[in-house]
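Everything numeric here is computed off the predicted structure, so don't read it as measured data.
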Amino acid sequence: MPFREFKTEILNLLENFEVFEKDLELSDHADMACKAAFRLSKHPVELAKKMEERVKSRSSEFRFIGSVERAGPYLNFFVSQKLLDETLRRVLTEGNRYGALEIGKKVVIEHTSANPDGPLHIGHLRNTVIGDTLARILEKTGCKVERHYYVNDMGRQIALAVLGVERYGLESIKGDHAVANAYIRINRDGYEESDVEKYMERYEEGDEEIVSTFNKVVETALEGIKETLKRLNIIHDRFVWESEFVRSGYMRKVLEKLLKLKECKKNETLYLDLSEYGIKKEVHLTRKNGTSLYVLRDIAYHIWKNEKFERMINVLGADHKLYSRQLSLVLELMGYNSPENVIFEFVSLPEGSMSTRKGKFISADELIDKVVETASDLISDKDMEDEEKKKVAEAVGVGAIRFDIVRVSPEKPTVFDWKQALDFERQTSPYVQYAYARASSILKKVEDFDLRWDVAHFNHPSELRLIKELSMFSFHLERCYRLLKPNIMAGYALNLANAFNAFYRDIPVLQSEGNLRNSRISLVMASKIVLGEVLNLLGIEPLERM
RNA sequence: GGGCGCGUAGCUCAGCAUGGACAGAGCGGCAGCCUCCUAAGCUGUAGGUCGGGGGUUCAAAUCCCCUCGCGCCCGCCA
């Protein structure tokens, strides 16, 4: 928080010069640099000199600006002792609430939503991890967040999976894998198209026997998927089945509204002509046999969301880009808000793209098992009970997976790499967890101390850097919120851990004495709190020991 | 063919929204650090035509145009 206020103070101070947020930047040369003079004058150095004068004459009015230096046309601002003091005070009094914002919107975030025809694979994982991390970030900004998994129980793929299960039965293995095996097999062996059609029709009509069969298959796959998600510290508040909108008659009402649009046309099927909006291909709402298509049910779902939420966020793979534009356009034509889409590019395997249908994928379960096993080997000779070792290996493994995914910007296409997934070093979550564990370890050895500090005791660059990092938590949180880019939080986690490790190297805590010792211990406590909270935002478990 | 995204060190990535101070990290390479709070750590060093070309600008990795490479989309699939 204090760092955001520091920035606000600079803006207020230079308001008369028409300096805006975009003129400020983080810099190696300062805590915050102002580059406005370039933009505002043909003689930037002269202007910067004037600004400098003004700042120097008034800077005593501000709390968090400590000093300013001019470097040519740049103004370099430095934080005050007061900011350092206030940062520690807030972290230590607010605890894990430190850094929270109060934006407070009601938002729904839909993520994962993988078809219940098989297990989650490493492509789905990108959706899941981005979505869950964003949900956590939004909550921290004070939003009321509902996490949805939209269950596609009506599609062709599901009908085919059901046929597969009927033909081959379910193996007695984890449900999602069992369904996948039947689905892969029927795709390989072949099937009658008319059988698939018939199943879709009967399911949409609500044929009791078929509904119960579909439900069983979908539930079986979903149970397995939920188990995997839980292991990754991911829960959904609500699983919304597509068929809910059909059964409740909601979709019917939506269809009636759609029919009133001038873009809505009918011949063999019902479709939307969006050519005047630059979308050449018609958007079909129904099939020739009268059954609904995904987009129709999805429109219904989004109208329902409109009624309940102020903000709708969907996490979608790059293959949904055009689709999501079409959906948004239709919603707008109907007079509704459209969702905000967080699009991520594909994860592929070194040998090419993944496919559930062809059985060409690395499942999330396989990945988790292997990473946890590697973590387990690494701690095998540590002095810990087996129980704790197991817990640590799981937390490290899951953290490494989540972090490996979330650290990369969503728009970057990636190729899955085992070596990277199994790396537990510098730019990974174990590095952050390790900093947390080191802080814990120091605090565990403290028997008596007073929770008090004097910022005058913090004069080593490593200490100053660490406190400044702590002060920037909500600054980065706000950036994540605005840009919906969770990789920013991963980057902050790394910076913070890095700053703590430098502090750990340079500053003896336990051997120091008196108020110097109290101050340092207080700083370690504050670091532990913020490191822990950042890990929570990333869905990674902080560990007391590892 | 059209649309969207990506291309930055040997490898994996920041930085691009809102153009500014020498383009930053990690891994890998090389050279070092455990009588000291956990070495999953730390220090130093080498390594760059920011895919290529043009343009705008006092200033371009960042903006515009062209071009090459890769991925995705263009279904009465989801």
Sequence neighbours excluded, the answer for salt bridge (Lys or Arg N to Asp or Glu O under 4.0 Å) partners of A/Arg39 is A/Asp23
Nearest-nucleotide 5' precedence on RNA chain B, A/Leu510 against A/Pro410
A/Pro410
Hey, is the side chain of A/Lys281 poking within less than 4.0 Å of OP1 or OP2 on B/G75, counting only N and O atoms?
yes
A/His302 side chain reached by A/Asn314 side chain, heavy atoms, under 4.5 Å
yes
Choose from B/C73, B/C22, B/A78 the nucleotide whose nearest atom is closest to any side-chain atom of A/Leu322.
B/C73
Show the distances under 3.5 angstrom between N or O atoms of the protein and N or O atoms of nucleotides 57-59 of chain B.
none

Looking at B/A14, does its base get a donor-acceptor pair with the side chain of A/Asn495 below 3.5 Å?
no
Would you indicate what A/Ala435 reaches in the nucleic acid, counting non-hydrogen atoms under 4.0 angstrom: base, sugar-phosphate, or nothing?
nothing
What integer number of Å spans the C1' atoms of B/G51 and B/U62?
16 Å
Do any N or O atoms from the side chain of A/Tyr301 and from the backbone of A/Trp241 form a donor-acceptor pair under 3.5 angstrom?
no
Would you call A/Glu351 and A/Lys360 a salt bridge, using N to O less than 4.0 angstrom?
no
Using the glycosidic torsion, which applies to B/C34: syn (within 90° of 0) or anti (everything else)?
syn
Salt bridge (Lys or Arg N to Asp or Glu O under 4.0 Å) filter on A/Arg325, not counting sequence neighbours, yields none
Under 4.0 Å: is that the gap between some side-chain N or O of A/Arg426 and OP1 or OP2 of B/C13?
no
Ring-on-base stacking between A/His284 and B/G75, under 5.5 Å between centres and under 30° between planes: is it there?
no
Can you see if the side chain of A/Tyr436 gets near the phosphate of B/A40 - specifically, an N or O under 4.0 Å from OP1 or OP2?
no
Closest to the side chain of A/Tyr431, out of B/C76, B/C13, B/C42, is B/C42
If the condition is ring pair (Phe, Tyr, Trp, His ring centres under 6.0 Å), which residues does A/His457 pass it with, not counting sequence neighbours?
none
Taking for A/Asp404 and for A/Lys22 the nucleotide of RNA chain B with the nearest heavy atom, the one nearer the 5' end belongs to A/Asp404
For a quick check of understanding: with a heavy-atom distance under 4.0 Å over all strands, which category does A/Glu544 fall into, base, sugar-phosphate or nothing?
base
How would nucleotides 1-10 of chain B be written as a contact map, 5' to 3', with B for base contact, S for sugar-phosphate-only contact and - for no contact, using protein heavy atoms under 4.0 Å?
--SBSSSB--
Looking at every strand, decide which applies to A/Arg520 at a 4.0 Å heavy-atom threshold: base, sugar-phosphate, or nothing.
nothing
Closest nucleotide among B/C76, B/A21, B/U12 to the A/Gln420 side chain
B/U12
Can you tell me which nucleotide in B/G41, B/C76, B/C73 comes closest to the side chain of A/Asp319?
B/C73
For B/C42, the Watson-Crick or wobble counterpart (both distances under 3.5 Å)
B/G32
Contact list (N/O, under 3.5 angstrom) for nucleotides 28-33 of chain B vs protein:
none

Report which part of the nucleic acid A/Thr291 touches: base, sugar-phosphate, or nothing (heavy-atom distance under 4.0 Å, all strands).
nothing
How far apart are the C-alpha atoms of A/His121 and A/Leu367, what are their side-chain angles, what is the distance that settles it, and do they pass the side chain to side chain contact (heavy atoms under 4.5 Å, CB included) test?
CA-CA 9 Å; A/His121 61 56; A/Leu367 174 66; over 6 Å; no
Please name all residues satisfying salt bridge (Lys or Arg N to Asp or Glu O under 4.0 Å) with A/Lys35, sequence neighbours left out, ordered by chain then number.
A/Glu25
Answer yes or no: does atom CG of A/Asp381 have more than 12 heavy-atom neighbours from other residues, nucleotides or ligands under 6.0 Å?
yes
Close approaches to RNA chain B from residues 263-276 of chain A, in residue order (heavy atom, under 4.0 Å):
A/Glu268, A/Thr269
Using a heavy-atom cut-off of under 4.0 Å over every strand shown, decide if A/Ile507 touches base, sugar-phosphate, or nothing.
base
Has A/Lys444 got more than 12 heavy atoms of other residues, nucleotides or ligands less than 6.0 Å from its NZ?
yes
In the strands shown, is B/A17 matched to any nucleotide by a Watson-Crick or G-U wobble pair with both distances under 3.5 Å, and which?
none
For A/Arg357, does the CZ atom sit with more than 12 other heavy atoms under 6.0 Å from it, leaving out its own atoms?
no
Counting only heavy atoms from other residues, nucleotides and ligands, does the tally under 6.0 Å from NZ of A/Lys358 exceed 12?
no
Looking only at side-chain N and O atoms, does A/Arg505 come under 4.0 Å of OP1 or OP2 in B/U43?
yes
Would you find more than 12 non-hydrogen atoms of other residues, nucleotides or ligands less than 6.0 Å from A/Glu513 atom CD?
no
Heavy-atom contacts under 4.0 Å between residues 477-492 of chain A and RNA chain B, which residues?
A/Leu483
Could you check whether A/Ala437 gets within reach of a base, just the sugar-phosphate, or nothing at all, counting any heavy atom under 4.0 Å?
base
Just call it for A/Leu443: base, sugar-phosphate, or nothing, with non-hydrogen atoms closer than 4.0 Å on any strand.
nothing
Do the side chains of A/Asp273 and A/Glu282 get nearer than 4.5 Å, heavy atoms only?
no
Is atom CD of A/Glu385 surrounded by more than 12 heavy atoms (other residues, nucleotides or ligands) closer than 6.0 Å?
no
B/G10 versus B/C30 - spacing of their C1' atoms, nearest Å
14 Å
Side-chain atoms of A/Pro430 come closest, of B/C77, B/A40, B/C37, to B/A40
Whether A/Arg407 contacts B/A25 is assessed here as follows: a side-chain N or O lying under 4.0 Å from the phosphate OP1 or OP2. Is that the case?
no
C1'-based separation of B/G2 from B/G48 [nearest Å]
35 Å
For the side chain of A/Ser409, counting heavy atoms from C-beta on, which of B/G71, B/A14, B/C42 is nearest?
B/A14
Side-chain donor-acceptor contacts of residues 417-426 of chain A below 3.5 Å, not counting sequence neighbours, with atom names and distances?
{"from": "A/Asp417", "atom 1": "OD1", "to": "A/Lys419", "atom 2": "N", "distance (Å)": "2.9"}
{"from": "A/Asp423", "atom 1": "OD1", "to": "A/Glu425", "atom 2": "N", "distance (Å)": "2.9"}
{"from": "A/Arg426", "atom 1": "NE", "to": "A/Tyr431", "atom 2": "OH", "distance (Å)": "3.3"}

Given B/A40, B/C76, B/C36, which nucleotide is nearest the side-chain atoms of A/Val396?
B/A40
Would you please name every residue forming a ring pair (Phe, Tyr, Trp, His ring centres under 6.0 Å) with A/His236, sequence neighbours left out?
A/His111, A/Tyr149, A/Phe239
Closest to the side chain of A/Phe424, out of B/C74, B/C77, B/A40, is B/A40
Have a look at A/Tyr504 and say if it touches a base, only the backbone sugar-phosphate, or nothing, with a 4.0 Å heavy-atom cut-off.
base
Non-hydrogen side-chain atoms of A/Leu270 and A/Leu259 separated by less than 4.5 Å:
yes
When you look at NE2 of A/His43, are more than 12 heavy atoms from neighbouring residues, nucleotides or ligands closer to it than 6.0 Å?
no
Under 4.0 Å, counting only non-hydrogen atoms across every strand here, what does A/Asn498 touch: a base, just sugar-phosphate, or nothing?
sugar-phosphate
Can you find a side chain N or O atom of A/Ser353 that sits less than 4.0 Å from OP1 or OP2 on B/C72?
yes
Can you list the residues that meet the ring pair (Phe, Tyr, Trp, His ring centres under 6.0 Å) rule with A/Tyr504, with sequence neighbours excluded?
none
Quick one: label A/Val408 by what it contacts on the DNA or RNA (base, sugar-phosphate, nothing), any heavy atom closer than 4.0 Å.
sugar-phosphate
